[in-house]
Amino acid sequence: MKIARLLAVLALSLFPLACASSDMDEDEMATVGGSISYTERIALGADAVAHVRIVDLDLVDKPGYLVAQKAINSPGQVPIEFELTYWMESVESGHSYALQARIEEGGTVLFTTAEDVKFDAKQPVRQELILKRAE
């Protein structure tokens, strides 16, 4: 009985530490989500790949401008839902960040963002990316 009580006290004393460490992990990561679509009435093939990435617009000409990226294989038809998780420590105050996306099929780019979609990387909200036909 004494061992059970000791284990219970020990578990209760460690519980706040466990909660603190899981909160810290969540604070270190952020996620921006949304959808990718285009206005043309064209179906995507089974080998299509949607790419979405976050770039630091203030560092585009320097290494490290890419904050995060994700490829979605066989995404189905539009709208294509995405979630992109990134480290908050890779986001600097005062910098401008943008989402960029493209859809490829058979290695050929079919659709791409015509303009960067700027967003607040410190407080991300859902983004709707409308792509244009690639030229």
Side-chain angles (χ1 to χ4, degrees):
M1 189 71 166
K2 288 183 181 182
I3 293 176
R5 176 177 270 164
L6 179 62
L7 289 175
V9 169
L10 182 61
L12 288 174
S13 65
L14 293 177
F15 183 73
L17 293 175
C19 290
S21 66
S22 68
D23 288 343
M24 188 171 69
D25 291 343
E26 289 177 8
D27 290 342
E28 292 178 359
M29 301 294 289
T31 301
V32 62
S35 67
I36 302 168
S37 61
Y38 50 84
T39 57
E40 289 84 349
R41 295 178 56 94
I42 299 171
L44 295 175
D47 65 338
V49 181
H51 298 269
V52 63
R53 64 187 194 163
I54 300 170
V55 296
D56 184 333
L57 296 175
D58 296 322
L59 297 177
V60 171
D61 296 332
K62 299 175 184 165
Y65 78 97
L66 184 62
V67 176
Q69 64 182 344
K70 183 176 189 176
I72 305 166
N73 296 313
S74 302
Q77 303 308 315
V78 294
I80 300 165
E81 295 294 317
F82 72 88
E83 281 193 346
L84 194 52
T85 301
Y86 54 96
W87 292 100
M88 286 300 290
E89 66 187 22
S90 65
V91 175
E92 295 185 38
S93 295
H95 282 219
S96 297
Y97 294 90
L99 285 164
Q100 299 173 340
R102 73 180 187 277
I103 299 174
E104 297 178 359
E105 194 172 272
T108 302
V109 177
L110 299 178
F111 300 96
T112 187
T113 44
E115 296 179 8
D116 294 331
V117 178
K118 293 181 182 179
F119 77 107
D120 183 352
K122 291 284 188 180
Q123 297 179 347
V125 295
R126 184 173 170 80
Q127 302 291 320
E128 308 300 325
L129 308 178
I130 308 294
L131 308 186
K132 301 289 183 189
R133 191 151 180 91
E135 298 176 7

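Remember, it's a predicted structure, so these values are computed and weren't measured experimentally.
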Exercise for the section: Answer yes or no: is there an ion pair linking R133 with E135, defined by an N-O contact shorter than 4.0 Å? Expected result: no
### Message
Strictly below 4.0 Å, N to O, side chains only: are E40 and K132 in salt-bridge contact?
### Response
no
Donor-acceptor contact below 3.5 Å, side chain [X] vs main chain [Y]:
| X | Y | result |
| --- | --- | --- |
| E83 | G33 | no |
| S74 | A46 | yes |
| Y97 | E92 | yes |
| Q127 | V125 | yes |

* To do: Decide yes or no on side-chain contact (heavy atoms from CB on, under 4.5 Å) for Q100 and V117, but give the supporting numbers first.
  => CA-CA 7 Å; Q100 299 173 340; V117 178; over 6 Å; no
Of the non-hydrogen atoms in [X] and [Y], which two are nearest, and what is the gap between them?
| X | Y | value |
| --- | --- | --- |
| A43 | Q77 | CA-OE1, 3.3 Å |
| D116 | A98 | CB-CB, 3.5 Å |
| F82 | I72 | CB-CD1, 3.8 Å |
| V91 | A121 | CG1-CB, 3.6 Å |
| L44 | E105 | C-OE1, 3.5 Å |
| Y86 | A68 | CB-CB, 3.8 Å |

**Item:** E115, CD: over 12 other non-hydrogen atoms inside 6.0 angstrom
**Value:** no
_Using a 6.0 Å cut-off, check whether atom CD of Q123 has over 12 heavy atoms from anything other than its own residue._
no
In Å and rounded to the nearest 0.5 Å, what is the [atom1] to [atom2] distance from [X] to [Y]?
| X | Y | atom1 | atom2 | answer |
| --- | --- | --- | --- | --- |
| H95 | L59 | NE2 | CG | 5.5 Å |
| I36 | E81 | CD1 | CD | 9.0 Å |
| S35 | I130 | OG | CD1 | 6.5 Å |
| D56 | S90 | CG | OG | 9.0 Å |
| I54 | L84 | CD1 | CG | 4.0 Å |
| S37 | E128 | OG | CD | 7.0 Å |

- Mind checking whether V52 and V109 sit in one hydrophobic cluster, side chains of I, L, V, M, F, W, Y counted as touching below 4.5 Å? no
query: Any side-chain heavy-atom pair from R102 and H51 closer than 4.5 angstrom?
result: yes
- Message: So L131 and T112, do their side chains get closer than 4.5 Å, heavy atoms only?
- Response: no
- May I ask you to decide if the ring planes of F111 and Y38 are parallel, tilted or perpendicular, using 30° and 60° as cut-offs? parallel
Stepwise side-chain contact (heavy atoms from CB on, under 4.5 Å) check, V67 with V55
CA-CA 6 Å; V67 176; V55 296; over 6 Å; no
*Run the side-chain contact (heavy atoms from CB on, under 4.5 Å) check on V49 and I103 step by step: do they pass?*
CA-CA 6 Å; V49 181; I103 299 174; over 6 Å; no
Run the side-chain contact (heavy atoms from CB on, under 4.5 Å) check on L110 and E104 step by step: do they pass?
CA-CA 5 Å; L110 299 178; E104 297 178 359; over 6 Å; no
